[in-house]
Amino acid sequence: MSDGARAGVAAGVEVEPVGNPLEPADLLLRDLRTGRQGLSEREARRRLTVYGANELTRQRGRTWPRELLAQVTHPLALLLWLAALLSAVSGTVPLAVAIIAVIALNAVVAFAQERQAERAVEALAAYLPPHATVVRDGRQQVIEARELVPGDVLVVAEGDRVCADARLLDGVVEVDLSALNGESLPALRSARLEDASGPLLDARDLIFSGTSCTGGEATALVFATGMRTELGRIAALSQRVGREPSPLERQVTRVAWLIAAVAVGVGLAFLPLAMLGAGLPLADAANFAIGLLVANVPEGLLPTITLALAVGVRVLARRGAVVKRLSAVETLGSTTVICTDKTGTLTQNRMRVTDLWTSAGPVDLDATTTPRSAPAAAHQLVRAAAACNNAELDREAPQRSTGDPTEIALLGAAAVLGDDVDHDARLAARRAQFHFDPALRLMSTVDDVDDQRWVHTKGAPEEVLTRCVEIMAADGSVRPLTADARAMAATAFEGYAGRGLRVLAVARRALPPAAPVPADRDEVERDLTLLGLVAMFDPPRPEVAAAVAQCHTAGLRLIVVTGDNAATATEVARTVGIGRGGPIPAITGAELDTMTEHQLDELLRRHQELIFARSSPEAKLRIADALRAEGNVVAMTGDGVNDAPALRRADIGVAMGATGTDVAREAATMVLTDDNFATIVTAVREGRRVYDNVRKFILYIFAHATPEVVPFLVYALSGGAVPLPLTVLQILAIDLGTETLPALALGRERAEPGLMDRPPRPRGEGVIRAGMLARAWLLLGGVSAVLVLAGFFLTLWQGGWRPGASVDEGTPLHHVWQQATTMTFLGIVACQIGTAFAARTQLASLRSIGVTTNRLLLWGIAFEIAFAAAVVTLPPLQRVFDTALPTAGQLALLLPFPVLVWGVDELWRAGLRRRRRIHEGVGPA
């Protein structure tokens with residue numbers, strides 16, 4: 001290694017791997033300047049300096065100073081900064097300090113909640129084991145996996161996790177590549193099988209980081225470590241797919257700018273009016289402008305939204321869905337399409353053989369009471385399936401069995417018929433294995449059984465049948481496979497697949513005992529004798545059908561994206577209700593590959609429920625992109641490393657917690673701890689509830705803008721003849737003191753009746769709509785403003801005030817004015833109570849959900865009353881907020897305020913319900 005290379009690393013320049021892993025082994029050894037005896041310890045340390053540690057790293061995310069800065073530069077915060085500046089310029093320094101304290105409080109609360117919910121999960125590193133066995137200085141030694149470097153000779157044995165990309169030097173191993181390519185069956189890798197071209201993952205002499213060795217032993221030359229491995233490349237790809245802001249994040253920002261524009265616009269419009277038209281001095285006009293700005297800013301909006309989303313995260317975690325980002329709760333509520341796997345998500349992933357078919361006829365394995373009751377042909381069938389098998393069955397505790405669920409099910413069938421399924425005995429008899437080939441859809445082994453050498457083959461029936469020339473008869477003899485026999489087998493296959501069963505065909509061929517094992521697969525998998533068919537059932541989860549029905553009533557579209565065959569996937573989908581009882585179009589992976597983007601868009605635009613069978617992770621990414629381009633909000637499930645890009649691209653990436661890989665969990669937005677489709681629907685329901693509740697407390701907060709703004713307008717338009725009905729500090733006491741806890745309680749409101757009976761909201765629909773603003777500002781706010789001003793003027797009039805009379809400090813009417821502003825303050829608080837009950841539903845009556853069902857709201861109102869009482873009765877707070885205790889008669893005037901505000905809104909909602917019933921043809925009743 002050159003000094004220049006080491007200097008490049010020190011400067012932060014990435015060092016490219018040396019050599020081509022597909023070139024002959026001797027050339028690769030030369031390029032990496034190593035030998036079959038490995039590196040020296042000294043050279044290994046030098047290379048560790050050059051190439052860096054063998055670790056997966058994450059791109060640097062947002063730093064906490066930047067996140068905190070974003071909180072204090074939010075549009076609403078900028079508006080408060082402007083109010084603080086005006087306060088300082090006008091000489092009201094205490095008010096400026098108070099406003100800045102409000103900005104800081106909001107920023108800290110929102111920042112703390114966001115940081116708590118978005119704690120980074122360093123899951124990718126779990127794919128690297130802590131130790132590795134290498135050959136250094138001519139001897140084997142165990143080192144930390146992070147110390148592996150290109151040029152090391154790695155020793156891989158059964159049960160080892162591969163911790164770097166390496167080229168086999170000698171030996172044969174089986175490796176589980178499912179983390180990289182999604183194939184569940186082990187793949188054969190041999191130093192003799194050299195592939196000089198093609199994709200690296202397909203090379204039969206290469207092994208890769210993040211995979212595991214399931215059999216055999218070999219030595220291998222490390223050519224890539226850390227982020228330069230295939231696993232690192234996929235990890236980097238999933239990180240490069242950036243996260244877009246959620247709909248709620250975009251909408252809140254848009255609303256904040258709207259509020260800021262309205263507040264500044266109103267201030268600019270009325271400031272000259274106050275100075276020129278009303279004749280207010282500059283200081284009073286500035287006070288007026290500050291009041292308008294502060295009154296228009298819902299100071300509690302951002303922390304209240306953040307806290308409501310955080311509560312949603314905690315609720316979902318208790319129900320089996322761990323959400324890693326706060327805003328994802330809201331995104332769940334707007335989901336329009338769920339793209340789901342089949343195995344383990346719609347089904348229980350508990351494969352079980354239910355039926356066998358041989359030329360002697362079908363065998364119902366569930367009805368087989370004793371091994372002797374099965375025909376001899378059935379025994380030959382399950383013995384061959386057990387021989388061509390890499391799983392290990394634990395008869396005493398089947399849940400502890402290891403291997404592919406399909407192969408475990410085949411061993412279970414052999415065990416039911418009393419045949420030997422000992423793992424060690426099978427491996428001892430094996431002379432060769434031709435691993436499962438996804439293109440051929442076949443797996444074969446060569447085994448010595450009872451002094452005879454046999455080829456055992458299992459795979460897709462259509463592939464096995466094309467290679468068969470004979471069939472086993474009922475008595476165990478062999479006869480030619482005639483056209484009628486082929487048709488009979490094909491009919492049986494179609495019947496099983498039509499029942500939603502996974503079907504495999506099993507065949508064998510005798511080889512001369514002393515003959516060498518053929519090296520060519522085509523030579524092995526020919527002239528086979530068909531033994532029969534094996535049909536397996538993976539039962540749907542019992543709760544899925546109800547969840548699917550709920551998706552349909554909620555307007556959610558379901559798309560199954562699976563690696564299984566189309567017939568089985570279609571039947572499972574039909575069983576659980578996907579397709580709504582009609583035909584379900586099924587598109588295979590090969591058909592999808594031939595589709596243009598326009599054809600795929602046209603297919604998805606029909607809003608049918610679809611099945612994409614034999615799908616690859618790349619297909620998932622393409623489907624997610626196409627659906628999102630049509631304006632859908634997409635939830636996509638996945639469990640493999642190669643699913644990570646699609647999980648990041650979807651609006652909601654859903655990873656499997658029980659069977660999924662750590663990389664998928666890292667890439668996903670939500671992790672299902674139970675791998676259950678019904679949990680996704682629960683999460684959608686919770687997302688809708690949270691979004692509804694966000695609208696409820698926004699309505700609640702916005703409704704108080706009118707009674708806070710109108711007093712300042714009355715003051716300005718009267719030219720000062722009417723004293724200021726409300727002070728800026730009293731507004732802050734309302735917005736941060738009395739308003740916050742009830743708003744938070746509305747964020748915990750139960751789901752409104754009919755929540756999952758309405759279609760998803762459009763992707764571009766704002767969290768704030770025109771009707772919502774009208775209800776907040778005109779109906780609830782308007783009624784509140786009338787009541788509040790009535791209390792203010794009545795208090796002034798009873799105290800002897802007449803228009804134009806001075807209420808400045810030191811005048812006889814100053815105390816009366818303090819009582820009047822206090823009545824305004826208390827009037828708004830009283831109206832808040834009525835607004836809180838009105839905001840609990842968007843359409844339903846309060847009686848339908850129960851007056852006392854939200855206990856947190858009742859506690860929030862109790863605190864609101866206690867806080868308001870403290871502000872108007874405690875001398876220190878009276879001096880701060882400039883309040884004075886009104887008389888008992890004046891306080892009694894406040895008692896009907898909550899009922900009046902709620903009652904008007906209840907009548908308005910009753911009218912809406914009546915009009916909706918008439919529109920739907922139900923009638924006015």
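The figures that follow rest on heavy atoms only: side chains count, while hydrogens, waters and symmetry mates do not. The shown structure was predicted, so the numbers you read here are calculated from the model rather than taken from an experiment.
What you find for R909 and L843 is that their closest heavy atoms are CB-O, 3.8 Å. Closest approach of N693 to R748, counting heavy atoms only: ND2-C, 4.0 Å. Contact between G638 and L647 at its shortest, heavy atoms only, is N-CD2, 3.7 Å. What you find for D674 and R541 is that their closest heavy atoms are O-NH2, 3.2 Å. Contact detail for V681 and C551: the closest heavy-atom pair is CG2-SG, 3.4 Å. When all heavy atoms of R761 and S334 are compared, the closest pair comes out as NH2-CB, 3.3 Å.
Under the side chain to side chain donor-acceptor pair (under 3.5 Å) rule, T853 has a single partner from R840, E749, R750, which is R840.
Using a 4.0 Å cut-off between charged nitrogen and carboxylate oxygen, R628 and D651 count as a salt-bridge pair. K620 has a carboxylate O that lies under 4.0 Å from a charged side-chain N of D341, or vice versa, which qualifies the two as a salt bridge. Taking 4.0 Å as the cut-off between side-chain N and carboxylate O, R689 and E752 do not count as a salt-bridged pair. Classification of E571 and R499 as a salt-bridged pair fails, no side-chain N sitting under 4.0 Å from a carboxylate O. Salt-bridge formation is detected for the pair D692/R758: a Lys NZ or Arg NE/NH1/NH2 atom is positioned less than 4.0 Å from an Asp or Glu carboxylate oxygen.
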Could you go through the side chain to side chain contact (heavy atoms under 4.5 Å, CB included) check for V315 and R318 one step at a time? CA-CA 5 Å; V315 170; R318 290 196 295 269; 3.5 Å; yes
Quick one: do D538 and R502 satisfy salt bridge (charged side-chain N to carboxylate O under 4.0 Å, His left out)? Show the steps, please. CA-CA 8 Å; D538 184 9; R502 184 180 185 189; over 6 Å; no
T669 vs V654, test: side chain to side chain contact (heavy atoms under 4.5 Å, CB included). Steps then yes/no. CA-CA 6 Å; T669 312; V654 183; over 6 Å; no
From CA spacing to verdict: side chain to side chain contact (heavy atoms under 4.5 Å, CB included), L556, V684: CA-CA 10 Å; L556 299 177; V684 171; 3.9 Å; yes
Begin from the C-alpha positions of I680 and L672 and carry the test side chain to side chain contact (heavy atoms under 4.5 Å, CB included) through to its verdict. CA-CA 8 Å; I680 303 176; L672 302 182; 3.6 Å; yes
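A heavy-atom distance below 4.5 Å is found between the side chains of D601 and E630. At least one side-chain heavy atom of L504 sits less than 4.5 Å from a side-chain heavy atom of T406. The side-chain heavy atoms of L627 and C339, taken from C-beta on, include a pair separated by under 4.5 Å. Q348 places a side-chain heavy atom less than 4.5 Å from the side chain of P542. Taking 4.5 Å as the limit, every side-chain heavy atom of M772 sits out of range of all side-chain heavy atoms of K696. Counting only heavy atoms from C-beta outward, the side chains of L610 and L603 approach each other to under 4.5 Å. In this structure, V561 and T340 have side chains that are not in contact, with every pair of non-hydrogen atoms separated by 4.5 Å or more. Taking the side chain as every heavy atom from C-beta outward, T562 and F612 never approach each other to under 4.5 Å.
Formation of a donor-acceptor pair under 3.5 Å by the T682 side chain with backbone atoms of A678 is found in this model. T553 places a side-chain N or O within donor-acceptor distance of the main-chain N or O of M756, the cut-off being under 3.5 Å. Under a 3.5 Å cut-off, the side chain of R688 and the backbone N or O of A683 do not form any donor-acceptor pair. Looking only at distances, a side-chain donor or acceptor of T568 sits under 3.5 Å from a matching main-chain atom of L501. T347 places no side-chain N or O within 3.5 Å of a backbone atom of P540 that could act as its donor or acceptor partner. Between the T345 side chain and the K342 main chain, no donor and acceptor come within less than 3.5 Å of each other. Although no hydrogens or angles enter the test, the distance criterion places no donor-acceptor pair under 3.5 Å between the side chain of T335 and the main chain of V633. A donor-acceptor pair under 3.5 Å is formed between the side chain of N854 and the backbone N or O of L856. For the pair E609 (side chain) and L558 (backbone), a donor-acceptor distance under 3.5 Å is present. Side-chain atoms of R352 never come within 3.5 Å of backbone atoms of M536 as a donor-acceptor pair (strictly under, hydrogens ignored).
Note that CD of E602 is 11.0 Å distant from CE of M595, once rounded to the nearest 0.5 Å. Note that CG of L604 and CD of Q599 are 12.0 Å apart. Values are rounded to the nearest 0.5 Å. Interatomic distance, D593 CG to E591 CD, rounded to the nearest 0.5 Å: 10.0 Å. Taking CD1 of I338 as the reference point, atom CG of N632 lies at 12.0 Å (rounded to 0.5 Å). Here T331 contributes atom OG1 and M670 contributes atom CE; the two are 11.0 Å apart, rounded to the nearest 0.5 Å. From L621, atom CG reaches atom CZ of R648 across 13.0 Å, with rounding to the nearest 0.5 Å.
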